[in-house]
Amino acid sequence: MAVRTTFASLVGRRMCDPFVMALIYVICLSFSVINAQDKEIYQGKFLGKMNSYHHQVAGEVYAVDEHTFLIKNFIYDGNGPDTFFWVGSSTRPGPQGFIIPNEKGRTNVLLPYLNKDFTLKLPDGKKITDIKWLSIYDLTIQENFGDISIEEGFEPPSSQTLTELSRRAHRVSSLSVVIVDSKTISLLEFNYDGLGSDTYFWVGVGPQPSAKGFKVPDEKGYLSPLRSYRDENVIIRLPGELTVFDIDWFSVFNVETGENFGSIIIPDNLNVPPSLIKVMPHTSTLPNCEPLHRDVQVSWEIFGPAITIEIAGRVADDEYIAFGLSGSGTEARMEGADVAILYMDTYQGYATDYNITAKSSCVSVLGANRGVCRDDQLGGTDNHQFYLGSRVDGLTVITYRRSLIPSDAEDQVVPTDRPASLIWAVGRLDKFKRPTFHRLWARHPVLLDLGRATAQKNCVSFLDVKEPKPVPWEPVKILEPSLRLIRFMVGPSGGQKGYEGITGQPASDLAWYVNGFIAPELFLRRELVYNFQVEGGNDPHSPTHYHPLIITDEPIGGYEQFNEEQRKGIRVLAGVEFTRRGQPRPIAAGRLCLWRQTIQRDRRLDNDVTSFQKFRNNLQLLCEEKGQAANMEIRPDNSWPDVVYYHSYTHSGMGWKINIVDRFGGLTGAGHTIVSGYGLQIAVLLISVRYWFS
């Protein structure tokens, strides 16, 4: 408690001072660094140092959890002929026992070790409490080279279940709070109505929750005000070097009003496992730094007429980070935004100047480009000067400069006399290094005083959180020999479990819904006539809802966006006519029928939906009253490839495969849902019902 008491005495009664609040944030998130001067970083429960008998065996042993040892600074000369990590339940090490696999999970004879750190996990679910010793043991000569004993009654670290959150306001409650490890807190069946204006997960020191605490990212890493929760299991990870040993309480806290909606006291000396999440320090040379998300930080410095900006983020190799000025001075708005698209392409970094005029990829609307477009596509120039770029251990860092007062009409002035309204996003790049629909983005306004008189660094170390890759919704294959009429509409792409997970392609905002299913594979037979009814929008003035259907032999889509040279390598099979001058003209554009959410829902939660059926149950089909579906009649013949693709003429990342077969017999759908016969009739009936009542 010494550090906590010192911290409390630092702040005294000056909690309303903004500078003191910022200082508190940095001090709290640096507790482990401060404590490191006095004690080692928590590694688990210390069992002791190994007793050494032969072959230079040495090391320190910790219990990480009920099944796992951590061995620190381990030494062994490797000269034993048949030596293993060996454990048993007899009084002392001997031939009665069993092998623990090494740090690579193998049961090979031990090689030399020199000051190595690693973990060993007991096999077959065995627990540390089931054994009495850990030995470096040679089975051939039956000799113990070194060991450590496990005392009777030893309690290895394990997750600790606390009571429920106190219920004070806004329906905050939980079944219980579980301290999973030194950095992880689990809220079981958590509830909150989401109506607090400035409410966050909040931790701190002292006898009870107060404004002396600081913000903790939510379960998805966002630092924005909390959404509503209803009986959800929520995993919270403490930021930076912070651990549960550095805090006294956890709260759902309204910063604006200083009100605690619900909280719990964190006991001292918890016997919990150490966190296995790697802490990734990053320090910018620029004087100002603010976190935008658990995985994204911005640093900056204004000097003269320019601002230097550094964006650091834990993103994938094929992802970009977008950052810039919002299209609104008071909210996070894409339309009208002036942003940089930042990414590393192997060893080369990029910071490209973009202007956003619509929530779509950059498309031609009656001869003018609209959407997420490079400035040079809008008649302007790229006013961002790339400076430095690197990518190490999954951390991308890009530094660039831009003028405070730009020369292009498309670019915004960077305000220095008031907080700037900023937006940011993270998403995948397509094969042409164009940004596609984002997976992370700012839903709430990010207001930063870029011209503040006193520099502040409020960033902390990154966490190398290994989130499991979302399991895609089960792919659908439409395989029905009698099917001749197929309906194409559009709907939301469904996050990483939807279009992107099913096809492996970067997604657009929308995807094709074919007979009510998102991006299914179709099976068509050669020499049969099929009618595609297309309702993807026929207004060429709309950059977001104009989707003529086209069939080609390439998997990306958005034929209109390809240049003349790229089009030479693409075979168009249906949906386009060419003028005498060789210019393409789409011919299958019907009225708009759009599947959309029945309630205003945060699309960042799409990955939480376990199946497409559950996702579609929250959608409503709305069709324009005027106009009708376009009909595309096709007859695949022997000249068609075995695999072709249905696409939007204007946008990439919306369509998927059409398999052209000579016969239907013998086709299978391993790993897919086969939709045919009665199941397909039900799907079409569902569309018809929603169609007529929309």
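Keep in mind that what you see is a predicted model, and the values were worked out from it rather than measured.
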Participant: Is the backbone N or O of V57 less than 3.5 Å from a side-chain atom of S52, with the two atoms forming a donor-acceptor pair by type?
Facilitator: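 Yes; judged by distance alone, with no hydrogens or angles, the pair exists.
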Participant: Check salt bridge (Lys or Arg N to Asp or Glu O under 4.0 Å) between D130 and all other residues, then give those that pass, not counting sequence neighbours.
Facilitator: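 Counting only residues at least two positions away or on another chain, D130 forms no salt bridge (Lys or Arg N to Asp or Glu O under 4.0 Å).
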Participant: Which atom names give the shortest non-hydrogen contact between L110 and F85, and what distance separates them?
Facilitator: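 Looking at all heavy atoms of both residues, the shortest contact is CD2-CE1, 3.5 Å.
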Participant: Hey, mind stepping through L223 and L292 against side-chain contact (heavy atoms from CB on, under 4.5 Å) and telling me if it holds?
Facilitator: CA-CA 7 Å; L223 293 160; L292 302 174; over 6 Å; no
Participant: Got a sec, which residues hit side-chain contact (heavy atoms from CB on, under 4.5 Å) with S210, two or more places apart in sequence or on another chain?
Facilitator: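 Partners of S210 under the side-chain contact (heavy atoms from CB on, under 4.5 Å) test: K212, W249.
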Participant: Kindly give the heavy-atom pair with the smallest separation between D246 and V205, and that separation in Å.
Facilitator: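 For D246 versus V205, the nearest heavy atoms are O-CG1, 3.4 Å.
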Participant: Are the aromatic rings of F46 and Y62 close, with centres under 6.0 Å apart?
Facilitator: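 Ring-ring flag for F46/Y62: true, centres closer than 6.0 Å.
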Participant: Please identify each residue that fulfils side-chain contact (heavy atoms from CB on, under 4.5 Å) with K469, with sequence neighbours left out.
Facilitator: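 side-chain contact (heavy atoms from CB on, under 4.5 Å) check on K469 returns nothing, list empty.
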Participant: Keeping Q160 on the side-chain end and S158 on the backbone end, is there a donor-acceptor pair under 3.5 Å?
Facilitator: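 Between the backbone of S158 and the side chain of Q160 there is a qualifying donor-acceptor contact (under 3.5 Å).
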Participant: Check whether any side-chain heavy atom of V272 sits under 4.5 Å from a side-chain heavy atom of F245, and report yes or no.
Facilitator: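 They are in side-chain contact.
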Participant: Scan for ring pair (Phe, Tyr, Trp, His ring centres under 6.0 Å) pairs involving residues 260-290, sequence neighbours excluded, and state none if there are none.
Facilitator: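 Of all non-adjacent pairs touching residues 260-290, those that pass ring pair (Phe, Tyr, Trp, His ring centres under 6.0 Å) are H170-F261.
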Participant: Does some side-chain heavy atom of I131 sit less than 4.5 Å from a side-chain heavy atom of L122?
Facilitator: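 The answer is yes, as the side chains (C-beta and beyond) meet within the 4.5 Å cut-off.
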Participant: Parallel, tilted or perpendicular, judged at 30° and 60°: which one describes the rings of H55 and Y76?
Facilitator: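 The arrangement is perpendicular - the two ring planes meet at more than 60°.
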Participant: Is a side-chain N or O of N288 found less than 3.5 angstrom from the main chain of Q456, in a donor-acceptor match?
Facilitator: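 Between the backbone of Q456 and the side chain of N288 there is a qualifying donor-acceptor contact (under 3.5 Å).
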Participant: Considering only residues two or more places apart or on different chains, which pairs with a residue in residues 176-190 satisfy side-chain hydrogen bond (donor to acceptor under 3.5 Å, both in side chains)?
Facilitator: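 Matches after skipping sequence neighbours: D181-T184.
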Participant: Are the charged groups of D464 and R314 less than 4.0 angstrom apart, N to O?
Facilitator: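 A salt bridge links D464 with R314.
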Participant: Got L134 and I71 here, is their nearest side-chain heavy-atom distance under 4.5 Å?
Facilitator: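 Yes, at least one pair of side-chain atoms sits under 4.5 Å.
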Participant: Please indicate whether F118 has more than 12 foreign heavy atoms, meaning atoms of other residues, nucleotides or ligands, lying under 6.0 Å from its CZ.
Facilitator: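 Counting neighbours around CZ of F118, more than 12 heavy atoms of other residues, nucleotides or ligands fall under 6.0 Å, so yes.
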Participant: Quick one: salt bridge (Lys or Arg N to Asp or Glu O under 4.0 Å) partners of R439, sequence neighbours excluded?
Facilitator: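 E319.
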Participant: How long is the gap from CD1 on I265 to CD1 on I247, to the nearest 0.5 Å?
Facilitator: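 Here the interatomic distance stands at 10.0 Å.
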Participant: Kindly compute the distance separating CG (D345) from CG (L429), expressed to the nearest 0.5 Å.
Facilitator: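 Between D345 CG and L429 CG, I get 8.5 Å after rounding to 0.5 Å.
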Participant: Distance only, no hydrogens: is a donor on one side chain within 3.5 Å (strictly under) of an acceptor on the other, for S251 and N260?
Facilitator: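 Indeed, the side chains of S251 and N260 share at least one donor-acceptor pair under 3.5 Å.
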Participant: For the residue pair F437 and E500, establish whether any side-chain heavy-atom pair is separated by less than 4.5 Å.
Facilitator: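 A side-chain contact is absent here, since even the closest heavy-atom pair is not under 4.5 Å.
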Participant: Around atom NZ of K433, are there more than 12 heavy atoms of other residues, nucleotides or ligands at under 6.0 Å?
Facilitator: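 It does: K433 NZ has more than 12 such atoms within range.
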Participant: Rounded to the nearest 0.5 Å, what's the gap from CD1 on I235 to CD1 on I185? Could you check?
Facilitator: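 Taking CD1 in I235 and CD1 in I185, the distance rounds to 10.0 Å.
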Participant: How many angstroms lie between atom CG of N51 and atom CZ of F145, to the nearest 0.5 angstrom?
Facilitator: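 One gets 15.0 Å once the value is rounded to the nearest 0.5 Å.
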Participant: Under 3.5 Å, side chain of Q297 to main-chain N/O of V460, donor-acceptor pair present?
Facilitator: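 The answer is yes, because a donor-acceptor pair under 3.5 Å joins these two groups.
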Participant: Got a sec, which residues hit salt bridge (Lys or Arg N to Asp or Glu O under 4.0 Å) with E155, two or more places apart in sequence or on another chain?
Facilitator: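 Partners of E155 by the salt bridge (Lys or Arg N to Asp or Glu O under 4.0 Å) criterion come out as none, since no residue qualifies.
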Participant: Is the gap between the ring centers of Y350 and Y343 under 6.0 Å?
Facilitator: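 Distance test on ring centres: under 6.0 Å, yes.
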Participant: Among K431, R428, R391, which residue satisfies the salt bridge (charged side-chain N to carboxylate O under 4.0 Å, His left out) criterion with D318?
Facilitator: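 Only match with D318 under salt bridge (charged side-chain N to carboxylate O under 4.0 Å, His left out): R428.
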Participant: Determine, stepwise, if the pair Y222 / R294 fulfils side-chain contact (heavy atoms from CB on, under 4.5 Å).
Facilitator: CA-CA 6 Å; Y222 288 99; R294 180 186 63 203; over 6 Å; no
Participant: Can a donor-acceptor pair be found, under 3.5 Å and without considering hydrogens, that links the side chain of N607 to the backbone of G495?
Facilitator: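 Not a single qualifying donor-acceptor pair exists.
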Participant: List for me each residue that meets salt bridge (Lys or Arg N to Asp or Glu O under 4.0 Å) alongside R227, sequence neighbours excluded, and say none if there are none.
Facilitator: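 Listed in chain order: E219, E232.
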Participant: Hey, are the side chains of F323 and V296 touching, using non-hydrogen atoms and a 4.5 Å cut-off?
Facilitator: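 Answer no - side chains too far apart.
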Participant: Taking V426 as the fixed residue, which of I321, L342, T396 is the one that meets the side-chain contact (heavy atoms from CB on, under 4.5 Å) rule?
Facilitator: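 Looking at I321, L342, T396, the match for V426 under the side-chain contact (heavy atoms from CB on, under 4.5 Å) is I321.
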Participant: So do K132 and T91 actually touch side chain to side chain, heavy atoms under 4.5 Å?
Facilitator: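 Contact flag for T91/K132 side chains = no.
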Participant: Decide yes or no for F214 and V203: does some side-chain heavy atom of the first lie under 4.5 Å from some side-chain heavy atom of the second?
Facilitator: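 F214 vs V203: side chains touch.
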Participant: What is the distance from atom CG of L70 to atom CG of L276, rounded to the nearest 0.5 Å?
Facilitator: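 It is 9.0 Å, given to the nearest 0.5 Å.
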Participant: What pairs of residues pass the salt bridge (charged side-chain N to carboxylate O under 4.0 Å, His left out) test when at least one of them lies in residues 138-154, not counting sequence neighbours?
Facilitator: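 Every candidate salt bridge (charged side-chain N to carboxylate O under 4.0 Å, His left out) pair involving residues 138-154 fails, so no pair, neighbours aside, qualifies.
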Participant: Enumerate the salt bridge (charged side-chain N to carboxylate O under 4.0 Å, His left out) contacts for residues 116-125, please, sequence neighbours excluded, ordered by first and then second residue.
Facilitator: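 Matches after skipping sequence neighbours: K72-D117, D124-K126.
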Participant: Measure the acute angle between the ring planes of W473 and F612, then classify it against the limits of 30° and 60° as parallel, tilted or perpendicular.
Facilitator: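 Tilted: the ring planes of W473 and F612 meet at 30° to 60°.
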Participant: Please output the side-chain donor-acceptor pairs of residues 92-105 that fall under 3.5 Å, not counting sequence neighbours, one pair per line with the distance.
Facilitator:
unit_1, atom_1, unit_2, atom_2, d
N102, OD1, K104, N, 2.9
N102, OD1, G105, N, 3.2
N102, OD1, R106, N, 3.0
E103, OE1, Y113, OH, 2.9
E103, OE2, Y113, OH, 3.4

Participant: Under 3.5 Å, side chain of S461 to main-chain N/O of E241, donor-acceptor pair present?
Facilitator: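 Judged by distance alone, no pair lies under 3.5 Å.
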Participant: Out of curiosity, K215 NZ to L226 CG, how far, rounded to the nearest 0.5 Å?
Facilitator: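 Between atom NZ of K215 and atom CG of L226 there are 9.5 Å.
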Participant: What heavy-atom pair brings P273 and S159 nearest, and what distance separates the two atoms?
Facilitator: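 Closest approach of P273 to S159, heavy atoms only: CD-N, 3.9 Å.
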Participant: Counting only N and O atoms by type, is there a donor-acceptor contact under 3.5 Å from the side chain of H293 to the main-chain atoms of K220?
Facilitator: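 Such a contact is found between H293 side chain and K220 backbone.
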Participant: Between T610 and K497, which heavy-atom pair has the shortest distance, and what is it?
Facilitator: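 That closest heavy-atom pairing would be CA-NZ, 4.2 Å.
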Participant: Can you sort out the partners of V471 under side-chain contact (heavy atoms from CB on, under 4.5 Å), two or more places apart, ordered by chain and number?
Facilitator: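 Listed in chain order: nothing, the list is empty.
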Participant: Only one of Y200, F201, W202 passes ring-ring contact (aromatic ring centres under 6.0 Å, His included) with F253; say which it is.
Facilitator: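 The passing option is W202.
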Participant: Can you name the closest pair of heavy atoms from A519 and T503 and give their distance?
Facilitator: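 Scanning both residues completely, I find the closest heavy atoms to be CB-CG2, 4.3 Å.
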Participant: Measuring only between side-chain heavy atoms, which start at C-beta, is V234 closer than 4.5 Å to Y229?
Facilitator: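 Counting from C-beta outward, V234 and Y229 do come under 4.5 Å.
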Participant: If you take all heavy atoms of D77 and P112, which pair is closest and at what distance?
Facilitator: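 The pair with the smallest heavy-atom distance is O-CG, 3.6 Å.
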